[in-house]
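Here's the structure, in structure tokens; my notes come after.
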There are 2 protein chains.
Amino acid sequence: MRILLIEDDPALGAAVRDQIAAEGHMPDLAPTLADASDFLATMPYDLILLDLGLPDGRGIDFLRALRAKGSATPVMILTAHDRITERIEGLNAGADDYMVKPFDLDELSARIAAVARRYAGNPNPLITLGTLEIDLAAHAIFGPDGQIDLSQREWIIFEALLQRPGQIVSKSQIEDQIYAFDSEVESNTIEVYVSRLRKKLGKDVVQTLRGLGYRLGTP
Amino acid sequence: MRILLIEDDPALGAAVRDQIAAEGHMPDLAPTLADASDFLATMPYDLILLDLGLPDGRGIDFLRALRAKGSATPVMILTAHDRITERIEGLNAGADDYMVKPFDLDELSARIAAVARRYAGNPNPLITLGTLEIDLAAHAIFGPDGQIDLSQREWIIFEALLQRPGQIVSKSQIEDQIYAFDSEVESNTIEVYVSRLRKKLGKDVVQTLRGLGYRLGTP
DNA sequence: CCTAGCCGTTCAGCTTGCTGTCAGCTAAAG
DNA sequence: CTTTAGCTGACAGCAAGCTGAACGGCTAGG
């Protein structure tokens with residue numbers, strides 16, 4: 001993890017830099033906000049550790065400007081300012097955490113790890129299928145031209161195929177997924193839905209095996 | 001946000017529950033770990049507030065079991081245990097934050113908001129959505145004609161959508177955010193609120209997917 | 001204490017998109 | 001070539017959803 005430490009106290013700056021380097025992170029140390037701006041203009045960071053009292057300005061204003069510009073970089077505030085109102089102000093300005101000096105370096109490491117855990121990876125694994133990205137839990141599909149919406153019935157059939165990649169899914173298996181136990185259809189409804197899936201997702205998304213059923217394809 | 005508070009002290013439990021309810025969250029209070037397990041088996045939660053000293057076990061073990069089962073629900077520890085080694089142990093066990101009693105209720109609220117933003121993947125409380133500027137920390141919305149006020153219910157629904165851009169939020173998920181454990185509605189209340197959001201924020205702010213739910217749009 | 005306004009909920013009538021059917025065409029298999 | 005499984009455009013019905021209005025409870029201000 002690449003970390004920008006904005007801290008004007010040389011002893012504390014060095015101690016924190018050494019601690020996070022020993023944890024395997026890549027630290028850069030900026031003693032002023034101007035230095036910090038230079039670093040940020042050059043390099044993306046995974047985390048910013050921000051002091052509030054700096055020689056060339058207030059850290060809180062820096063954070064506000066960062067957030068106003070749309071930055072999604074996590075920020076932890078490390079500061080001697082320990083009034084509750086200042087803590088709340090910092091958190092509401094967009095900080096992820098707020099530690100009051102003097103703090104324990106091992107606790108700092110544990111809090112950095114907690115922040116990193118939250119931003120690591122995607123809790124929702126996406127399925128990639130040709131030109132499509134699919135989030136099953138969120139009912140979201142993204143194709144080359146943006147988000148694609150399926151109706152409830154279309155989702156059920158598409159999911160049935162997605163869950164059995166490479167296998168043939170017969171029409172009666174699909175009917176079992178859609179309809180209640182004793183209810184049936186008397187027309188070519190399944191064929192119509194497959195046609196609709198092809199129209200929305202691409203003509204190769206479903207393969208037909210005549211007399212047997214359907215199988216997931218690659219659009 | 002649906003929040004599970006695991007706290008055996010009745011006075012503190014009630015104070016925290018009332019505070020987070022006043023913020024528009026939906027709290028459930030479990031005085032024991034057994035109660036908490038029952039709640040968690042019944043209902044998905046967005047956040048767990050966990051005391052460490054409980055009558056039927058140690059909160060830290062509960063957290064470890066939760067994480068071992070693969071739970072990604074954010075957990076904040078609220079406890080009188082204030083030794084640094086215990087803080088580090090809690091954070092390393094998978095907690096997202098650690099507050100030592102007695103803590104300020106407003107700071108708790110600010111930290112809950114920070115954890116929620118982190119869980120949604122973006123620590124920045126400032127969001128631009130089409131013609132709207134939204135400050136999640138201040139609960140403020142600015143449109144082309146100035147500030148727009150939402151009622152508490154309206155805000156909860158809007159926030160639920162904001163936290164899941166691109167994803168479908170079902171009506172029952174919205175109900176879980178609004179209503180107490182055993183309370184339900186028998187009419188089209190959610191639809192009415194969505195209609196009001198559209199009236200205030202623009203008709204494209206919410207997209208309907210019939211039979212599935214709603215999704216954030218761009219006004 | 002009273003009242004106006006706000007908020008959450010319900011209701012009813014209108015709107016709209018999903019679903020299933022149909023018919024004619026296509027394409028695969030024998 | 002024939003047969004038939006499958007495909008696709010079009011349409012009608014119905015239920016999911018939308019919105020205006022009303023109601024009742026609560027609260028803040030006079």
Side-chain angles (χ1 to χ4, degrees), chain A residues 139 141 147-161 168-180 182-217 219, chain B residues 18 21-26 139 147-161 168-180 182-217 219:
Chain A
H139 288 98
I141 305 181
Q147 192 155 16
I148 298 168
D149 296 328
L150 301 186
S151 72
Q152 197 167 32
R153 285 288 197 265
E154 290 161 356
W155 261 112
I156 292 169
I157 296 173
F158 188 48
E159 274 177 345
L161 297 173
I168 301 174
V169 184
S170 70
K171 276 189 211 138
S172 65
Q173 283 172 321
I174 293 176
E175 284 173 10
D176 289 344
Q177 304 262 65
I178 295 188
Y179 301 114
D182 276 337
S183 115
E184 291 180 349
V185 292
E186 304 285 346
S187 80
N188 64 335
T189 305
I190 305 295
E191 288 88 344
V192 170
Y193 278 118
V194 168
S195 177
R196 286 173 182 162
L197 279 178
R198 286 175 171 139
K199 193 162 191 171
K200 289 184 175 181
L201 301 177
K203 66 177 178 57
D204 297 319
V205 75
V206 188
Q207 297 170 340
T208 305
L209 298 98
R210 284 175 69 108
L212 295 173
Y214 298 103
R215 187 169 60 195
L216 190 67
Chain B
D18 292 346
E23 299 273 342
H25 304 301
M26 201 60 236
H139 284 198
Q147 187 156 11
I148 299 170
D149 296 323
L150 300 185
S151 73
Q152 190 168 62
R153 286 282 200 270
E154 289 160 355
W155 179 261
I156 292 168
I157 295 173
F158 186 50
E159 199 173 42
L161 297 173
I168 298 178
V169 183
S170 69
K171 276 188 209 135
S172 67
Q173 283 172 325
I174 293 175
E175 284 173 7
D176 287 344
Q177 307 267 29
I178 295 186
Y179 299 116
D182 277 334
S183 98
E184 288 180 355
V185 290
E186 304 287 345
S187 80
N188 64 336
T189 306
I190 305 294
E191 288 89 342
V192 171
Y193 280 120
V194 168
S195 179
R196 288 181 179 156
L197 279 178
R198 287 176 170 137
K199 196 161 189 172
K200 290 185 176 183
L201 301 177
K203 68 176 179 58
D204 297 320
V205 75
V206 187
Q207 296 170 339
T208 304
L209 296 103
R210 285 172 72 110
L212 295 170
Y214 298 104
R215 186 172 61 199
L216 191 66

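So that the names make sense, note that chain A is the first sequence line, chain B the second, and so on, each numbered from 1.
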*When you check the phosphate oxygens OP1 and OP2 of dC7(D), does a side-chain N or O of Arg198(A) lie under 4.0 Å from one of them?*
yes
*Nearest to side-chain heavy atoms of Ser187(B), which nucleotide of dT19(D), dT9(C), dG20(C)*: dT9(C)
*asked:* Quick check on DNA chain C: between Ser151(B) and Arg153(A), whose nearest nucleotide comes earlier from the 5' end?
replied: Ser151(B)
_Is it the case that the base of dT9(C) and the side chain of Arg196(B) share a donor-acceptor contact (distance under 3.5 Å, atom types as modelled)?_
yes
*Please figure out whether Thr208(B) or Asn188(B) has its closest DNA chain C nucleotide nearer the 5' end.*
Asn188(B)
_Let me spell it out: for each of Gly211(B) and Gly211(A), pick the nucleotide of DNA chain D with the closest heavy atom. Which residue's pick is nearer the 5' end?_
Gly211(A)
*Hey, does Gln152(B) reach any base, or is it just sugar-phosphate, or nothing, if we go heavy atoms under 4.0 Å?*
sugar-phosphate
*Where the side chain of Arg210(A) is defined as all heavy atoms beyond and including C-beta, which of dC7(D), dT4(D), dG17(D) is the nearest nucleotide?*
dT4(D)
*Could you tell me whether Glu154(A) and Arg196(A) make a salt bridge, using a distance below 4.0 angstrom between a side-chain N and a carboxylate O?*
no
*OP1, OP2 of dC7(D) versus side-chain N and O of Lys203(A): anything below 4.0 Å?*
no
*Assign Val192(B) to base, sugar-phosphate, or nothing according to its heavy-atom contacts below 4.0 angstrom with the strands shown.*
base
*Pick base, sugar-phosphate or nothing for Thr189(B), based on heavy-atom distances below 4.0 Å to the nucleic acid.*
base
